[in-house]
Amino acid sequence: MPQPETSLMNRLVSLCKRRGFVYPASEIYGGLNGFWDFGPLGTQLKNNIRDAWWRDMVDCPPIGPDGQPVSIVGIDTSIIQHPKTWEASGHLSGFADLMVDCKESKKRYRADHINVFEVTMRDEDKEEKARLFFSYVEPEQLNEIVAGLIKRTKKDSQYYLSFERHPRNDSEKYCREEGLANNFLSKIQSDFILIERPFTALNAEEQAKVIGPDAKNAGTLTEPRSFNLMFNSYVGVFQNEESKVYLRPETAQGIFLQYKNVLDTSRVKPPFGIAQVGKSFRNEVTPRNFIFRTREFEQMEMEFFVPPEDGMKWYEFWVAERLRWWGEMGLSKANIFRHEIGDGDRAFYSAATADIEYKYPFTDPNFGELEGVAYRTDYDLKQHQTFSKTNLEYIDQEAKTRYLPHVIEPAAGLTRGVLALLCEAYQYDESRASPEWLKLKPSLAPIKAGIFPLVNKDGMPEVAEKLFMDLRKTHTCQYDAKQSIGKRYARMDEAGTPFCITIDGDTLTSQNVTIRNRDTAQQEKVALDQVKSYLSTKLS
RNA sequence: GCGGGUGUAGCUUAGUGGUAAAGCACCAGCCUUCCAAGCUGGCUAUGAGGGUUCGAUUCCCUUCACCCGCUCCA
């Protein structure tokens, strides 16, 4: 099938705007980086995905690995919580890392990851000639720098390099550990001055002299800047440090904070889950790729509390279950990928994490995150227990034991789900009157059926309107009598509407309507009084 | 945050230091008995701000947004 010149993403973004799925936020003011608004169809689609998740999590959860139905309850917590929440969760410190940019190499580093060491160059009389600040991040970089220095000392014999002792070890041992040449010491004259400090420990004057880890010239590193990813605000009219609060960067913490209340009031016991859907906010450094990475987004998170010894069993269960679910929503197997996060890359508190990734057009042939399933152990409850001084243990009356449950967290991006499903649904077929159309799963489609009088006369509009008034009670429908029937079909194709019901001359005489199938463009006759049950069957 | 690119109507494009053009879409009317038909009419644009100029959409500066690459993604 020949594809148009413009990229898939551009066409999708264009269609989203044209049909009212997604608009740039604040567009009339020039837009706002990292924010998008959902239009009528997009909102409907998002709500449908959200509702499907809620139904499959809370109302009708799957059967667990032990053959019993899983027990999950839903809650809805505040976007703004007590600021201590984020201290306990680690978001405040984790998000507050100072970053440094290099103007020469264009790289960015965590300020405390840059190791700086100072080299004093002296002449033969040991008079100080120059002080240089070298820096490195990887040990290999240190080797390179030192090798360069040795070369330089040899060539230019009037200088002696001197390093101070390494603070942690004596120099000899240090060389050994870092894999430096054994004769390193002997090659460098006199006493070593190797003052190694993190970049953050330097004063501004010194920082300005540092040669960046990947740079040749000194002074190319910016001063450390905070990249706190949490939005903040103030509670009350006095804006000071005491009144400072944060917009939640994830919905999960609200669940942990209410875990005990739910346990005490809902007659649940481990294993059980608490689910929540809602907005989260992260002041992302680089919002990018349409609604993939935005500063305000919606999450569908569920925290599943289990006895510690059952952690891995439930982790495996939920990863498999969530993969299955996204498939059921319409994502093809070829486009979903289970990405097991390795030991080095996982959050420190997590015993296992798998990302469910989707092959978005902008990541293709690679995949991008759609949902993360993390085995968070008892980290969160333990933290909140410590910080709040509240006992959060579960007391098992039967077994006469008490423990902090372990947590499995399937955390899905609702906004990303909308994107993935739109990408998956987007079809281009030049042979159709409407080359672009959305093959959405019927139950997720924003509009389930379009209802059209074939022509705008002979009593057809009246019958169609009556049918519309009846169907709209049970299904999201749209009545359209404008322009030609072909245009109306095409419009519905772009909206992903699975069925179009046409009232024609035949309807007036034999009480039959024509139902057109979006995917095949085939039509079938259905009795007027059977339309509702037809839709219900097809949409279930 | 850095580098590169792009900003003209809802979309896709044209054009110009001197009245901004077209196709499609959209709206209204007519017509129309099944896949963006036709006719008539209509709405709508130089991302924003500043400078140079008699005059700027065009040249310059700043800014904003989007795209690509880096970086970031607890």
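Convention: sequence-line order gives letters A, B, ...; per-chain numbering from 1.
Residue A:Ser89 is out of contact with every strand shown, counting any heavy-atom pair closer than 4.0 Å. When heavy atoms are screened at a 4.0 angstrom cut-off, A:Arg516 is found touching base atoms of the nucleic acid. When heavy atoms are screened at a 4.0 angstrom cut-off, A:Gln523 is found touching base atoms of the nucleic acid. Across all strands shown, A:Thr502 has heavy atoms under 4.0 Å from base atoms, whether or not it also approaches the sugar-phosphate. Counting any heavy atom pair closer than 4.0 Å across all strands shown, A:Asp504 reaches a base atom. A:Gln522 comes within 4.0 angstrom of nothing in the nucleic acid, heavy atoms only. Within 4.0 Å (heavy atoms only), A:Asn456 reaches at least one base atom of the nucleic acid. Within 4.0 Å of A:Met9, counting heavy atoms only, lies no atom of the nucleic acid at all. Using a 4.0 Å heavy-atom criterion, one finds that A:Arg288 contacts the bases of the nucleic acid, with or without backbone contacts as well. Here A:Glu250 lies in heavy-atom contact (under 4.0 Å) with a base. Using a 4.0 Å heavy-atom cutoff across all strands shown, A:Asp493 reaches no nucleic acid atom at all. When heavy atoms are screened at a 4.0 angstrom cut-off, A:Phe290 is found touching the sugar-phosphate backbone but no base atom. Within the 4.0 angstrom heavy-atom criterion, only backbone atoms of the sugar-phosphate kind lie near A:Gly34; the bases stay farther away.
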Between A:Tyr426 and A:Arg11, is the side chain to side chain donor-acceptor pair (under 3.5 Å) condition met? List the steps. CA-CA 9 Å; A:Tyr426 181 87; A:Arg11 281 178 283 139; 3.2 Å; yes
Would you check, one step at a time, whether the test ring-ring contact (aromatic ring centres under 6.0 Å, His included) holds for A:Tyr534 with A:Phe499? CA-CA 10 Å; A:Tyr534 176 95; A:Phe499 303 105; 5.8 Å; yes
Go through the steps to decide whether A:Thr251 and A:Glu301 satisfy the test side chain to side chain donor-acceptor pair (under 3.5 Å), and finish with yes or no. CA-CA 7 Å; A:Thr251 57; A:Glu301 295 197 298; 2.5 Å; yes
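Taking the six-membered ring for Trp and thresholds of 30 and 60 degrees, A:Phe305 and A:Phe256 have ring planes more than 60 degrees apart, a perpendicular arrangement.
Between A:Lys457 and A:Ile28, the residue anchored nearer the 5' end of RNA chain B, judged by the nucleotide with its closest heavy atom, is A:Lys457. Two residues, A:Arg376 and A:Pro24, neighbour RNA chain B, and the one matched to the more 5' nucleotide by heavy-atom proximity is A:Pro24.
One finds a salt bridge joining A:Lys244 and A:Glu241 here, because a Lys/Arg side-chain nitrogen approaches an Asp/Glu carboxylate oxygen to under 4.0 Å. A:Asp493 has a carboxylate O that lies under 4.0 Å from a charged side-chain N of A:Arg516, or vice versa, which qualifies the two as a salt bridge. Taking a cutoff of 4.0 Å between a charged side-chain nitrogen and a carboxylate oxygen, A:Arg19 and A:Glu436 do not qualify as a salt bridge.
Remark: C1' of B:rG10 and CZ of A:Arg19 are 10 Å apart, rounded to the nearest angstrom. Remark: C1' of B:rC67 and CG of A:Leu8 are 14 Å apart, rounded to the nearest angstrom. In this structure, A:Phe292 places its CZ atom 16 Å from C1' of B:rC67, rounding to the nearest Å. Put simply, CZ on A:Arg295 is 11 Å from C1' on B:rC72, counting in whole angstrom units. Per the geometry, CZ belonging to A:Arg11 stands 13 Å off C1' belonging to B:rU12, to the nearest Å. Computed from coordinates, the A:Lys17 NZ to B:rC26 C1' distance equals 14 Å when rounded to whole Å.
If you take atom C1' in B:rC27 and the same atom in B:rC66, they sit 29 Å apart, rounded to whole Å. Rounded to a whole angstrom, the distance from the C1' atom of B:rA48 to that of B:rA56 is 15 Å. Using P as the reference atom, B:rA9 and B:rA45 are 9 Å apart when rounded to the nearest Å. Only the C1' atoms considered, B:rA36 is 9 Å distant from B:rC24, to the nearest whole Å. Taking atom C1' on both B:rU53 and B:rU13, the two are 30 Å apart, rounded to the nearest angstrom. Comparing the P positions of B:rU44 and B:rA22 gives an interatomic distance of 15 Å, to the nearest angstrom. Of the C1' atoms belonging to B:rC39 and B:rU32, the separation is 12 Å, rounded to the nearest Å. Comparing B:rC11 with B:rC26, their C1' atoms sit 11 Å apart, to the nearest whole Å.
When Watson-Crick and G-U wobble pairs are counted only if both distances are under 3.5 Å, B:rC39 pairs with B:rG29. Base pairing of B:rG3 is made with B:rC68, judged by Watson-Crick or G-U wobble geometry with both donor-acceptor distances under 3.5 Å. Across the strands present, B:rC24 finds its partner in B:rG10; the criterion is a Watson-Crick or G-U wobble pair with both atom distances under 3.5 angstrom.
In terms of polar N and O atoms assigned as donor or acceptor, the side chain of A:Ser14 never comes within less than 3.5 Å of the base of B:rC11 in a complementary pairing. Under 3.5 Å, the side chain of A:Tyr29 and the base of B:rC64 form no donor-acceptor pair of N or O atoms. The base of B:rA74 does not come close enough to the side chain of A:Glu284 for any donor and acceptor atom to sit less than 3.5 Å apart.
The side chain of A:Arg18 contributes no N or O atom lying less than 4.0 Å from OP1 or OP2 of B:rC24. Taking only side-chain nitrogens and oxygens, A:Asn10 never comes nearer than 4.0 Å to OP1 or OP2 of B:rC67. Taking 4.0 angstrom as the limit, A:Lys482 places a side-chain polar atom (N or O) nearer than this to OP1 or OP2 of B:rA28. Contact check, A:Lys487 against B:rA25: a side-chain N or O comes under 4.0 Å of OP1 or OP2. Residue A:Gln483 has a polar side-chain atom (N or O) positioned under 4.0 Å from OP1 or OP2 of B:rC26. Dashed line: the shortest gap from a side-chain N or O of A:Ser484 to OP1 or OP2 of B:rA37 is under 4.0 Å.
Distance from the side chain of A:Thr286 is smallest for B:rG1 among the nucleotides B:rG1, B:rC68, B:rA65. Picking from B:rC66, B:rU32, B:rC34 the nucleotide with the shortest atom distance to the side chain of A:Trp36 gives B:rC66. Checking B:rU33, B:rC72, B:rC68 against the side-chain heavy atoms of A:Asn289 singles out B:rC68 as nearest.
Inspection of the A:Tyr349 and A:Gln383 side chains reveals no N or O donor paired with an N or O acceptor under 3.5 Å.
More than 12 heavy atoms of other shown residues, nucleotides or ligands fall within 6.0 angstrom of atom NZ in A:Lys525.
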